[in-house]
2 protein chains.
Amino acid sequence: MGDVYQALADPTRRKILDELTERDGQTLFEICARLATRHQITSSRQAISQHLDVLAAAGLVVARRQGRYKFHHLDTRPLQSIAERWLRPEPRQENPHEDQPDQRPGG
Amino acid sequence: MGDVYQALADPTRRKILDELTERDGQTLFEICARLATRHQITSSRQAISQHLDVLAAAGLVVARRQGRYKFHHLDTRPLQSIAERWLRPEPRQENPHEDQPDQRPGG
DNA sequence: ACTATAGGCAAGTGGCGGCTTGCCTGTCGA
DNA sequence: TCGACAGGCAAGCCGCCACTTGCCTATAGT
């Protein structure tokens, strides 16, 4: 299982997710064409294919083979846990700055 | 302004965010010590400092100088827009797979 | 059977990111 | 004032990642 955060790090991969959000279940060539015409991304087909591999490894894209076509579907479930990792509103501990923060005041 | 996604790509930087979530307003040395003892991260002080620079450039960390100390505070606002980018529950368009997806069926 | 299409595998390359190292600035305490 | 401490600047190294290139497999159409 790949790293979801690393998969999101590349701007081209995010554009792919945007594209699949607008129109789910696209083929590789379809994604290439739409990235080129709508986002000025002129990467080769292989580059996009490798990006899709990374997204699939991260669980963000699920591929479905059908004949000679391979349709790519978005799966947003890995994204749900991301923001919650730091956005959980538990009142977190504060650091007593004004004391003497000698590296670790309280051990 | 740096890239929030790229800032989250590095696992050490995510650990720093975890650390600041638990205890906000830590100094550089304090973060180094806690990363070493609690997360087995033995990177040098400079490495952590550069990580904090990246996080600050992405707006995820705000530094506050006070005397010879520099306290780092978490700012989760840049995170809120991340998940919503693809998690907005608008019913997105489906691709008519079973037709003839000749790259782009509808031009 | 032949061709065009959709996609895959693998090797090679260039640039960027993470890390270290060395040295410097600035602040507080005794 | 002097030394310990917190942090900063800059150069250099190295591995990874994105991308290309070349060739291959497989399905669909005629």
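Computed from a predicted model, the values in this text were never measured in an experiment. The sequence lines fix the lettering, A, B, ..., with proteins before strands; numbering per chain opens at 1.
- With sequence neighbours excluded, no residue forms a side-chain contact (heavy atoms from CB on, under 4.5 Å) with B:R68.
- Judged as a salt bridge (Lys or Arg N to Asp or Glu O under 4.0 Å), and not counting sequence neighbours, A:R65 has no contacts.
- Between A:Q6 and the phosphate of D:dC17, there is a side-chain N or O to OP1/OP2 separation shorter than 4.0 Å.
- Here the side chains of A:L8 and B:L8 are not in contact, with every heavy-atom distance at 4.5 Å or above.
- A:R13 places a side-chain N or O within donor-acceptor distance of the main-chain N or O of A:A7, the cut-off being under 3.5 Å.
- Considering only residues two or more places apart in sequence or on other chains, B:D3 meets the salt bridge (Lys or Arg N to Asp or Glu O under 4.0 Å) condition with A:R14.
- For the pair A:R14 CZ and D:dA18 P, the interatomic distance rounds to 11 Å; values are reported in whole Å.
- A pairwise comparison of heavy atoms in A:H73 and A:G25 identifies CE1-CA, 3.7 Å as the closest pair.
- Scanning residues 39-48 of chain A for heavy-atom distances under 4.0 Å to DNA chain C yields A:R45, A:Q46.
- An OP1 or OP2 oxygen of C:dA6 is reached within less than 4.0 angstrom by no side-chain nitrogen or oxygen of A:T27.
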Polar atom pairs between nucleotides 26-28 of chain D and protein, under 3.5 Å, N or O only, would you list them?
| from | atom 1 | to | atom 2 | distance (Å) |
| --- | --- | --- | --- | --- |
| D:dA28 | O4' | A:R68 | NE | 3.3 |

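- A:T27 has its side chain out of reach of A:K70: every pair of non-hydrogen atoms, C-beta onward, lies at least 4.5 Å apart.
- In this entry the distance linking CD of B:Q50 with P of D:dA11 reads 13 Å, nearest Å.
- Regarding A:R13, its CZ atom lies at a distance of 8 Å from the P atom of D:dC19, rounded to whole Å.
- For the pair A:H51 and B:K70, nearest-nucleotide mapping onto DNA chain D gives the more 5' position to B:K70.
- Distance, B:F29 CZ to C:dC28 C1': 14 Å, rounded to whole Å.
- Rounding to whole angstrom units, CG of residue B:D10 and P of D:dC16 are separated by 14 Å.
- Side-chain contact between A:R38 and A:E22 is present, with heavy atoms from C-beta onward closer than 4.5 Å.
- The closest side-chain heavy-atom distance from A:L28 to A:R45 is below 4.5 Å.
- Between the P atom of D:dC5 and the CD atom of B:E30 lies a distance of 16 Å, rounded to the nearest Å.
- Atom pair A:D53:CG and C:dG8:P shows a separation of 7 Å (rounding to whole Å applied).
- For A:S49 and C:dG8, the shortest distance from a side-chain N or O to OP1 or OP2 is below 4.0 Å.
- The end-to-end axis angle of the helix from C:dA1-D:dT30 to C:dA30-D:dT1, rounded to 10 degrees and based on five pairs per end, is 30°.
- Under 3.5 Å, the side chains of A:H39 and A:E19 contain a donor-acceptor pair of N or O atoms.
- Looking only at side-chain heavy atoms (C-beta outward), B:D18 and A:R85 come within less than 4.5 Å of each other.
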